[in-house]
Structures are given as C-alpha cells and as structure tokens.
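What follows is a short report on a single structure.
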Amino acid sequence: MSLARSLKDGLQFHAQVIKSGFTPTVFTSNQLIHLYSKNGLIREAYRLFDEMPERNVYSWNTVINAYIKAQNLSNAQNLFDAVPEKDSVTYNSLISGYANRDGFEDRAVRLFLQMQNDCDGVRRDEFTLTTMLNLTAKLSALSWGQQLHSFMLKTANDLSGFAVSSLIDMYSKSGSFPDAWTVFERGSSSAVDLVSKNAMVAACCREGKLDLAQNLFWSKHEMNDNVSWNTMIAGFAQNGQEEKAIEMFKCMAVEGFSWNEHSFASVLSAFSSLKALKMGKEIHSWVLKKGIDSNPFISSGIVDLYSKCGNMNYAEFVYLKMKVENSFAVTSMIVGYAAEGNMAEARRLFDSLADKNSVVWTAMISGYVKTQQSDDAFELFRQFMERDVRDYDALLFINLLGACTTQAIVDPGKQIHAYIMKVGIEIDEKVVTAVVDMYCKCGSIGYAERIFQNLASRDLILHNVMIAGYAHHGYEYEALQLFEEMVKRGLQPDAVTFVAILSACRHSGLVEVGENYFSSMTEDYSILPERDHYACMIDLYGRANQLEKATVFMDKIPMELDAIILGTFINACKMNRNVKLANDAEEKLLKIEGDNGARYVQLAGVYASEGRWDEMGRIMKKMRGKELRKHAGCSWLQVGNRRHTFISNDRSHSETEAVHAMLDCLIQELEASIHEEEELSQ
DNA sequence: ATAGGGTTAG
C-alpha cells in the first residue's frame, strides 16, 4: 500500500484499509490525519484519531494542530491537557495558536512560562523562541523581546534565518529600528537569508526610510521573490509615494513575477489615494477575472477606492456582495458618506456593525466633527469612553480637539487634553500640534505658549500653529519674533508660515514689514504666493487706509481673482469708504458668487457705510429676487452645560438686562483706560 | 518516516 499524497489517494487508501480489515500502523494513521486536516476535513481527522487503538505523540500533535488550524482553540486546549507525554511541538503548537489569536495572548505567555518548569519539563527550543518573538512584536513589548533575544544569544538560538527575521521584525515593530538593523547586519555576515532581507526591507518601509529600503531591495536583487516586490509596493503606497508604488507594480510583472492578492491590495490603495477611479476600475476587473474578489483585503480595498472617489453607489454594491461584516470596508464608506455630508447613511453603517473597533469609532466621530455636528461628536465620544475596551486612537483625539477648535470651546478642549494624558496616548507631533492649536484658537494663548516652550523638539507645523496663534490674538510682536527664531534654528518656513506672518502684519498695520515679508517669501524662500497671501496684502493695505496701493497690488496678481480676493478688496473699500471701487468689483464678485447671500449683505454694508441707501436698496432687492439669505453671524459662550448664543441686536437672552449692564460697565472701563493711555502718551 | 516557527496587505 502506497503513501497517500493527494486527498483522493488518501481517501482511496483509507477505504482500502477499512475493506481489508487491517489495522493501519500508527505512522500511517498519523499521515492520514494530517492529510485530512490539510484539506479542512477536521471531523474526519478527529474521527480517525479517536478510533486509533494506539497513539503516539505525533498523533496528538497532528490532531491538536488540526484544531488550531481550524481556529478551534478550546478543542485544541482540551486535547493538549489530555496528552500523556507532551513534547516541545505540543507546547509550541498551542503557544503559536494563542499568540496568533487576538485576545488570547496572555495564554500563550502563560504556556511559555509553564513550559520549562512544569512536570513535563519540556525545553524551549528555537521554535518556541521565534513564536514568542512574534508575540512580543505583536504586543510591541520591547523589554520582553530583549529578554528573549538575550536568551537566544545564550543558548545559540539566534543564528538561523528564522531567528534573524523574527528578531528584525520584533525590533522593528517595537519601535527599535537601529536594533533591527544591527541584528540584520550581524546575521547577514554569513549568507543573506531572503526572508531576513525581506523583513529588513519591511522594517525600513515601516520607518519611512524608503531610500534605504530600495537600496536593500536592489542589492542582491536576483534573490528577490514575490514577497520582496510586494513589500516594496506596500512600502511606497503607505508612505505617500503612490506613483512609485504603481511603477513597482508594473515592473514586478515585467520582471516575471506574478501579482497576488498582496500586490493588488497595495496598488488598489495607491489608486484610491490618487482618486484614480479609471485605473482602480481596471484593477477591479483584473481581480474579478482572477476570482480573488472575495479576499476581504481586496474587496475592502475596492470599497475604499469607490468611497474615496465619491462613488458611494458602487461602494455599497461591492460591500453588499461581500456578505460578511468587514469593518475596514465600513470605515471607508463611513468616511465616504461623511465627505459628502451624509451623516445619516454613515450612522446607518456604523450602527450595523456588531463589532466596532476603535478605527470605526474614530471615523464616525470624526465625520460628525467634519460636518460640524459637534454635539453628536461629543455624545458619541461619551459612549466610546464608556466601553470596557481600552484601544484609543490618537486620531480620534486630534479630531475632537479640532471640534473644540472650530467651536472655540476651551473647556471640552481641556478635558480632551486631560483624557489624552490620562489614557496614556503617545503624544507625537500631530497630537501636540492639535493641542497647541486648540488652546490658541480658543484664546488660551498662555496655555499654548507654555506647552510650546516645554517641548524638546518643535517642527515646522507646530511653529506655524503657534505663530498663527500669536497673530490672531494681537501678539504680533511675538509672532514675528518666533518666526525669526525659527529661521535662525534652521527651519524652512512654508506657505502657511507666511500666511500667519502676513496676517500678523495686517492686524498691526505694519505695511512695510508686511511688504518685506511678502517679497522675501519668493526671493529668499522660493515660495509662490497663493490666494491667501494676496488676500492678506489687500487687507493689510485696506486697514492702513492705502486703498490705492491695494488697487495697484490687485492688478498685478497673476491669478484669476476669486471671491475671497474680491471680497477682501470690497471690505477694504468699505474701510476706506470708497463706493466707486466697490461698485467696480461688485459685478465681478457676483458673477463668481452670486448665489451667496453673505456677499450681497457685505456689498450692502459698503454702500450703507457711505449713506448710499439707493445703492444699498438696489443690492438688497437683487438678493431677495434670488431668494437668497444670509445666516446671521453669531457669537456664543459655554457656561456649564448651557451654550448662550448672541446675534447682532439680540435681546432675546433671558438675562439680557444684566448682560447689557455688565457690557456697559466694561465699555466704560475700556474707554477710561484708553483715555488714560492717551493722557500718558501726551 | 509523520507534527510546530520567520517576511508582505486594508
């Protein structure tokens, strides 16, 4: 009787055995169990095991692994407990089963600790150690990883390709890239193991060091395999280098490697980021042709493509065909719906998920933030914090801070800030910038400043936020000073920096200083002025009562004048009481934004300021003819849980008398202090 | 002789 190679052979063989009435050897039965398990026939595998009159440790290990492969860890554990004499394979198998199952990691650790000390007295071998390294990588538990590494050095278990690649992966995933590099260099002194090289390429990509990754990839490139290519494609796609990812994707095929689900998933994400619907659709058809559209990574990639391209009907269609709940796809769709302001659909999807991870929560809450539904955002955040799970996403807190920022409510902002510190979120540049920005925009410039000053390293964006914060709160001197400091430290300002700087100048009427910065921007830093810079300059001239300069400046703007620039100019006309120039700009403005009620009101304001009631009446009539309205601007403040809103000439507040009395008081004090200052300066 | 471990993706 021959050995069983395929399932068909195996079944035939098994049938023969039964017919002949012979009892197969333990060895033969073990082989059959393995064959059944490999083909997913777990019940048959177990039955055979169960009917064996005699078993050895291989029989037990094989059937335990069958259950682990079938994700049935409780059966595996029961069998494990029943094994008369366990060996290292028995332990390693179950450790690996638990290590790879989310939420069961502690059991893997417990088994590992039990292993050498238990009555079984089974030695930890290289398999044990690499499996545990995997686990510590997954848990980003660097100190455990280091201990395992020491143990491996002591027991000379650190030399094989398996050991090296696991160590690289562990150090890389635990945020210790230099150690990963050291292990790689030491390990590759003999012969480079391909998997170790791939692991190192992946580590470089994870670190954002794409040049290093590429060098490695191309050195000894004759040994590269599919994984090497896919790693590079993924690396580029994840680091915002979509074009390079696509190039590598094409190159891979030219070099004779065939695309698999990893290649498709990565290139799909590149096309999604580029919103390249056409190319993405081509991949979609490829995927359908290859019949791999049921792969959850691929299908959620396709859903993401359509969602990012704003094609929610297609996204829904593809998702419906998936038939299984997939939080990645749902997250993409929630973001897609939020982008078109359709929070009802987003919420429907959110509520449809039985199992919500923190990314989904983040997407939903951030959607509310982006559509300015702050109350809903905070309400959902409250529910988020009430769960037992503690998986916090820094992005969520950044978004919530953004909500406080647009609402200019500092108390919830402080609470979020406190949460960030309390739940131990890693405070990276993004988080700290959001915190500083929140305090700036909510008017607590002192808090912002204190945080800013205490930071060990400050990048460009953080400087931009702080400079803008100073500029918006009347600290023009501090803004300009910080700018100079920043330049001295060797940070290159960008377009955003200059918007902040010019904005500081316009608030304080520093015409000449502003002009200098404006020209320095192109001459010294080669930054092309954008719309906001032009608008800032016009406003600067307007506020300084230099309308002629504003007019000349505007004529020289090389770009098409848009509503923002024209609106700024009209505002300058109003400050300078120049009805004629406003009149000239009116036509252009209404051509661009004739459907915006606010623009009519703005124009009306110019005419009213000069007492030109005829002109004002004309423009208001024009506005009403179009049935346009302007939302009243308002200010508000939060006291306790109540938000008090005020619009112009508003006396509807329940305590309006008291409010106005206090206001009068403040105005008087203000006037008195101005008077005093004037006397002092004389 | 038969069983267990490493790299890549949203």
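In what follows, chains carry the letters A, B, and so on, assigned in the order in which the sequence lines appear, proteins first and then strands, with residues in each chain numbered from 1.
Partners of A:Thr128 by side chain to side chain donor-acceptor pair (under 3.5 Å), not counting sequence neighbours, listed by chain and number: A:Asn92, A:Asp125. Every residue two or more places apart in sequence or in another chain that forms a side chain to side chain contact (heavy atoms under 4.5 Å, CB included) with A:Ile246 is listed here: A:Lys250, A:Val267, A:Ala270, A:Phe271, A:Leu274.
Minimum atom distance to the side chain of A:Val89 is reached by B:dG4, of the listed B:dT2, B:dT7, B:dG4. Taking only side-chain atoms of A:Ala202, from C-beta outward, the nucleotide of B:dT8, B:dA3, B:dT2 with the closest atom is B:dT8. Considering only side-chain atoms of A:Asp125, the nucleotide from B:dA9, B:dG4, B:dA3 that sits closest is B:dG4. Among B:dA1, B:dA3, B:dG5, the nucleotide with an atom closest to any side-chain atom of A:Asp87 is B:dA3. When distances run from any side-chain atom of A:Asn134 to the nucleotides B:dT2, B:dG4, B:dG5, the shortest one goes to B:dG5. Here the nucleotide nearest the side chain of A:Thr131, chosen from B:dG4, B:dT8, B:dG5, is B:dG5. Closest contact between the side chain of A:Phe297 and the listed nucleotides B:dA9, B:dT8, B:dG4 involves B:dA9. Checking B:dG4, B:dA1, B:dA9 against every side-chain atom of A:Phe27, the shortest atom distance belongs to B:dA1.
For residues 132-158 of chain A, every residue pair satisfying the salt bridge (charged side-chain N to carboxylate O under 4.0 Å, His left out) rule, not counting sequence neighbours, is listed here: A:Asp102-A:Lys138, A:Glu105-A:Lys138.
When heavy atoms are screened at a 4.0 angstrom cut-off, A:Arg206 is found touching the sugar-phosphate backbone but no base atom. Contacts of A:Thr90 with the nucleic acid, taken as non-hydrogen atoms under 4.0 Å apart, are absent. As judged by a 4.0 angstrom heavy-atom cut-off over every strand, A:Gly301 is placed among residues making no nucleic acid contact.
Within residues 211-248 of chain A, the residues having any heavy atom closer than 4.0 Å to DNA chain B are, in order of number, A:Val227, A:Asn230, A:Thr231, A:Ala234, A:Gln238. In the region residues 142-153 of chain A, proximity to DNA chain B at under 4.0 angstrom, judged on heavy atoms, holds for none of the residues. Remark: A:His262, A:Ser266 in residues 259-268 of chain A come within less than 4.0 Å of DNA chain B through at least one heavy atom.
The separation between A:Lys138 atom NZ and B:dA9 atom C1' is 17 Å, rounded to whole Å. Rounded to an integer number of Å, the gap from A:Arg101 CZ to B:dG4 C1' is 18 Å. Rounded to an integer number of Å, the gap from CZ of A:Phe80 to P of B:dG4 is 16 Å. Rounded to an integer number of Å, the gap from CH2 of A:Trp60 to P of B:dA3 is 19 Å. With rounding to whole Å, A:Leu129 atom CG is found 18 Å from B:dG4 atom P. Atom OH in A:Tyr91 sits roughly 18 Å away from atom C1' in B:dG5 (whole-Å rounding). Note: CG (A:Leu94) to C1' (B:dG4) measures 11 Å, nearest angstrom. Rounded to a whole Å, the NZ atom of A:Lys69 is 11 Å from the P atom of B:dG5.
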Residue pair A:Tyr91, A:Phe112: steps toward the ring pair (Phe, Tyr, Trp, His ring centres under 6.0 Å) verdict: CA-CA 8 Å; A:Tyr91 270 93; A:Phe112 174 76; over 10 Å; no
Test ring pair (Phe, Tyr, Trp, His ring centres under 6.0 Å) applied to A:Phe249 and A:Trp229, step by step: CA-CA 8 Å; A:Phe249 176 80; A:Trp229 283 90; over 10 Å; no
Verdict with reasoning, A:Arg47 to A:Glu51, per salt bridge (Lys or Arg N to Asp or Glu O under 4.0 Å): CA-CA 6 Å; A:Arg47 200 159 145 194; A:Glu51 287 168 354; 3.4 Å; yes
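Defined by atom type and a distance below 3.5 Å, a donor-acceptor pair is present between the side-chain atoms of A:Tyr337 and A:Glu316. With hydrogens and angles left out, the side-chain atoms of A:Ser263 and A:Asn260 include a donor and acceptor closer than 3.5 Å. Side-chain contact check for A:Ser307 and A:Asp304: no donor-acceptor pair (N or O, by modelled atom type) lies under 3.5 Å. A side-chain donor from one of A:Asp225 and A:Asn198 sits under 3.5 Å from a side-chain acceptor of the other. Side-chain contact check for A:Asn134 and A:Thr131: no donor-acceptor pair (N or O, by modelled atom type) lies under 3.5 Å.
Ring geometry for A:Phe384 against A:Tyr392 counts as perpendicular: the plane angle is over 60°, on a 0 to 90° scale with 30° as the lower cut.
The aromatic ring of A:Phe127 sits over the base of B:dG4, with ring centres less than 5.5 Å apart and planes tilted by under 30°.
Taking the ring centre of A:Phe177 as origin, the terminal cationic atom of A:Arg206 falls outside the region bounded by 6.0 Å and 45° from the ring axis.
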